[in-house]
Amino acid sequence: MKKFVRKLIKSALNNAKNDGDLELSIMPEIVVEKPKEEKFGDFSTSLAMGLAKSERRKPYEIAEILSRHLQCNDDNIDSVAIAGPGFLNITMRRSFFLERLLKAAEQPDRYGSSNAGQGKKVLLEFVSANPTGPLHVGHGRGAAVGDMLGRLLDKAGYNVSTEYYINDVGNQMNTLGRSTWARYLELQGRENGFPSDYYQGDYIKDIARDIHEQHGSEFLHKTEDEVLPFFREYSLNSILDGIKEDLAKFGVSFDQWFSEKKLYDHQLVETAVNWLRKEKYIYDKDGAVWLKSSDFNDEKDRVLIKQSGEKTYFCSDIAYHKNKIDRGFEWIVDLWGADHHGYVPRMKSALQAMGYDENVFKVMLIQFVSLKRDGDKVSMSTRSGEFETLADVIKEVGVDATRFFFLMRSSDTHLDFDLELAKKASADNPVFYIQYAHARICSIFRTATKQGIKLRDAVDVDLSPLKNEEEFIMIKKILSFTEIIEKSAELLEVHRVPFYLQDLVGTFHRYYSRNRIVSDDHDLSFARLFLMNCLRITICNGLSVMGVSSPERM
RNA sequence: GCGCCCAUAGCUCAGCUGGAUAGAGCGAUGGUUUGCGGAACCAUAGGUCGGAGGUUCGAGUCCUCUUGGGCGCACCA
């Protein structure tokens, strides 16, 4: 819609230029907004104020010129008014909106979709939790946000691929194997004291029990070195299966699961290091190998290969991100926990060293979640074993409410997740407010069907009986859905959609309480039913991009 | 010490990248149905946008300083 209005203004500008009314040595960027108040019209622009300086004229005069050119420009425009210091307020004819509403229902599933992203290849990496323990609530937020971004980018016309990076290499894997081994020995009656730097959680005991059941005392008389590979692999696979299961329950799936170990197996880490060395971004010092990241944006140089000869996590991560670009992705988006923010400049400088434009790489930092139960905060740490798992929270409050709560807040602010509130099936829980609207509309359709009034197709329906001001407020909101999706995708801001839906649904509930949809006036009923169907489609598609269901009954 | 994020109504948060009189939900108070779902609707109260400067036609939004909170500053991952 705004795109259409932008075009109108642009041609008005061109006409003004051709007629010599305005100089316009440089064409300004045209910003179209929706005025705060309905009485100001349907669209507005502050263009005249912006032009005042370069044209050396009063904003009001410029607004008058533009207004004149706009009005004779297009018959979709009803009127143009000048307000305040030079706002241009444009009111469209009602037919403008009704025509667009008819199109909205043509392909219900596709409503809200667009090609704004122009098929740009995006790689979205998220969760990527270390496979050393089950997912906790913090990972859940990343999962919900990442999954929604994937759906959002897809709907907005990007070519998006989602990926989970498995850190299945390094010391942590050995610690994991040793932890399980120690628990296994305990089951065999050999209590040697469980080291405090091992993984403490009960899930380690569960894995040890599985091994014990399957293999009995087979490993009892072997040395740790002998059994470690087995315990490591077994624990890793077991935990990874659990993570996949939790994510599946949460409605989150990935296009690829990318193993760090495979990077090493395919010599990709070596290749990346050699390349950097050849380009002289690497030097040796104190028996270690360093990247000159301080030549770029990092505050200091970083170690790639330790004195021990082991490669750092950073080292393989460079190879991983190089690989992402090599796979042809034009936009690489990583979702990281906010505690990793110090790592961002490091990664960026590595990519710059490799000659990539820093804008291809975008890190979204997801702030922490504090879980509140009865007013008390629940702490979370995998190592200590004290945490609330994602699986537990889903079980307690359900997938829909959990996802909604994670998505309704801007990702860069801390989130207080109130378990008691999320569980409530009542008015103070926004997810039910929206779902209730959907169920209510479905109920209207059931009533209509009983009375023999069927929903008509766009070609058969006459929308002219829609005259109510409230109806047009709702129609305009429905029609702005695509723009919300596009904006939300472009800025990677998921919370815009739930806010939009709450607002949309609010106008519906208000409208519903004052107006009858199905009545003796059949023409009006057909028109209103059509509107209700467009509304239902919008709610349903909005919820679906969040991964939240749209129940027909509640 | 250095860096990143946050601060808006009693609470939880929006605020369309600088626009018009700063908005929702919850909570509080008072109301609404002999008709499609009362999980709804309506009304009232509640604010020096943490503070101080600056940029300009115009600042919650941008810049500088400052206060308070969260998180980072590894040859860990």
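Every chain is numbered from 1, with letters handed out A, B, ... down the list of sequences. Atom set for the values below is all heavy atoms of this structure, side chains included, hydrogens, waters and symmetry mates excluded.
If you check every strand for non-hydrogen atoms under 4.0 Å, A:Tyr343 touches a base. Backbone-only engagement by A:Val169 is indicated by non-hydrogen atom pairs under 4.0 Å involving sugar-phosphate atoms exclusively. Across all strands shown, A:Leu491 has heavy atoms under 4.0 Å from base atoms, whether or not it also approaches the sugar-phosphate. As judged by a 4.0 angstrom heavy-atom cut-off over every strand, A:Asn89 is placed among the base-contacting residues. A:Ser44 comes within 4.0 angstrom of a nucleotide base, judged by non-hydrogen atoms across all strands. Residue-level contact check: A:Asp317 touches neither bases nor backbone, having no heavy atom under 4.0 Å from any strand. A:Glu33 comes within contact range of the sugar-phosphate backbone alone, with a heavy-atom separation under 4.0 Å but no base atom that close. A:Lys450 comes within contact range of no nucleotide atom at all, as no heavy-atom separation falls under 4.0 Å. Among the protein residues, A:Lys39 comes within range of the nucleic acid bases, having at least one heavy atom under 4.0 Å from a base atom. The residue A:His340 sits close to a base: some heavy atom pair falls under 4.0 Å. Among the protein residues, A:Met554 comes within range of the nucleic acid bases, having at least one heavy atom under 4.0 Å from a base atom. Using a 4.0 Å heavy-atom criterion, one finds that A:Ala439 contacts the bases of the nucleic acid, with or without backbone contacts as well.
Side-chain atoms of A:Asp284 never come within 3.5 Å of backbone atoms of A:Val289 as a donor-acceptor pair (strictly under, hydrogens ignored). At distances below 3.5 Å, not a single donor-acceptor pair connects side-chain atoms of A:Ser488 with backbone N or O atoms of A:Val497.
Remark: B:A45 base-pairs with no nucleotide in the shown strands. Criterion, Watson-Crick or G-U wobble with two distances under 3.5 Å. In this structure B:G72 sits in a base pair with B:C2, meeting the Watson-Crick or G-U test at under 3.5 Å. The partner of B:C11 is B:G25, judged by Watson-Crick or G-U wobble contacts that both fall below 3.5 Å. Pairing for B:C16 is absent, judged as Watson-Crick or G-U wobble with the two contacts each under 3.5 Å. Base pairing analysis places B:G37 opposite nothing; no Watson-Crick or G-U wobble pair with both distances below 3.5 Å involves it.
Put simply, the residue from A:Arg302, A:Lys300, A:Glu299 that forms a side chain to side chain contact (heavy atoms under 4.5 Å, CB included) with A:Ser293 is A:Arg302. Checking each of A:Arg528, A:Arg510, A:Arg514 against A:Glu470 for a salt bridge (Lys or Arg N to Asp or Glu O under 4.0 Å) leaves exactly one that passes, namely A:Arg514.
For the pair A:Thr312 and B:A77, the criterion of a side-chain N or O lying under 4.0 Å from OP1 or OP2 is not met. Contact annotation: A:Tyr511 side-chain N/O to B:C42 OP1/OP2 distance is not under 4.0 Å. Dashed line: the shortest gap from a side-chain N or O of A:Arg553 to OP1 or OP2 of B:G37 is not under 4.0 Å. Contact between the side-chain N/O atoms of A:Ser443 and the OP1/OP2 oxygens of B:G37 is found at a separation under 4.0 Å. A close approach under 4.0 Å does occur between a side-chain nitrogen or oxygen of A:Lys36 and OP1 or OP2 of B:A20.
Counting distance only, with no hydrogens placed and no angle test, the side-chain atoms of A:Asp503 and the base atoms of B:A14 include no donor-acceptor pair under 3.5 Å.
A cation-pi contact, defined as under 6.0 Å to the ring centre and within 45° of the axis, is absent between A:Arg141 and A:Phe406. Judged by the 6.0 Å and 45° rule, A:Lys476 forms a cation-pi pair with A:Phe97.
The nearest whole Å value for the distance from the CD atom in A:Glu299 to the C1' atom in B:A74 is 12 Å. The nearest whole Å value for the distance from the NE2 atom in A:His414 to the P atom in B:A7 is 10 Å. Distance A:Phe368 CZ to B:C6 C1': 14 Å, rounded to the nearest Å. In this structure, CG of A:Leu529 is placed 15 Å from P of B:C36, rounded to the nearest angstrom. Protein atom CG of A:Asn171 is 11 Å distant from nucleotide atom C1' of B:C75, rounded to whole Å. In this structure, A:Asp416 places its CG atom 14 Å from C1' of B:A7, rounding to the nearest Å. Taking atom CD of A:Glu486 as the reference point, atom P of B:C16 lies 18 Å away to the nearest angstrom. We find that CZ of A:Phe40 is positioned 18 Å from P of B:C16, with the value rounded to whole Å.
Judged purely by distance below 3.5 Å, without hydrogens or angles, the side chains of A:Glu260 and A:Ser316 pair a donor atom with an acceptor atom.
Between B:U33 and B:C42, the distance separating the two P atoms is 15 Å to the nearest Å. Atom name C1', nucleotides B:G53 and B:A28: the rounded distance is 39 Å, in whole Å. Separating the C1' atom of B:G68 from that of B:G50 is a span of 8 Å, rounded to the nearest Å. Between the P atoms of B:U64 and B:U55, the separation comes to 15 Å (whole Å). Across B:G23 and B:G47, the matching P atoms stand 14 Å from one another, rounded to whole Å. Here the separation of B:G46 from B:G10, taken at their P atoms, is 11 Å to the nearest Å. Taking atom P on both B:A14 and B:U29, the two are 28 Å apart, rounded to the nearest angstrom. Using atom C1' as the reference point in both B:G30 and B:A20, the two lie 33 Å apart (nearest Å).
Nearest-nucleotide assignment on RNA chain B puts the 5′-proximal partner with A:Ser411, out of A:Ser411 and A:Arg440. Each of A:Lys285 and A:Glu552 lies near RNA chain B, and the nucleotide nearest A:Glu552 is the one positioned closer to the 5' end.
For A:Lys487, whose side chain is taken as the heavy atoms from C-beta onward, the closest listed nucleotide among B:G19, B:A77, B:U17 is B:U17. When distances are taken from the side chain of A:Asp339 to each of B:A77, B:A14, B:G72, the shortest belongs to B:G72. The side chain of A:Arg409 lies closest to B:U12 when the candidates are B:G19, B:C36, B:U12. Counting only heavy atoms from C-beta on, A:Phe499 has its side chain closest to B:C13 among B:C13, B:A77, B:C36. The side chain of A:Asp412 approaches B:C5 more closely than any other nucleotide in the set B:U17, B:C4, B:C5. The side chain of A:Arg516 approaches B:C36 more closely than any other nucleotide in the set B:C71, B:C36, B:C41. Counting only heavy atoms from C-beta on, A:Thr447 has its side chain closest to B:C36 among B:C36, B:A39, B:C75. You'll find that the side chain of A:Arg510 is closest to B:C42, out of B:C42, B:G38, B:G19. Among the nucleotides B:A39, B:C41, B:C36, the one closest to any side-chain atom of A:Ser513 is B:C41. Closest to the side chain of A:Ala83, from the set B:C13, B:C42, B:A20, is B:A20.
Stacking annotation: A:Tyr433 is not stacked on the base of B:G25 (requires ring centroids less than 5.5 angstrom apart and an interplanar angle below 30 degrees).
Ring-plane geometry between A:Tyr283 and A:Trp290 is classed as parallel, the angle between the planes falling under 30 degrees on a 0 to 90 degree scale with a further cut at 60.
Within 6.0 Å of CD on A:Gln451 lie more than 12 heavy atoms contributed by other residues, nucleotides or ligands.
With a 4.5 Å cut-off on side-chain heavy atoms, A:Asp334 and A:Lys324 count as touching.
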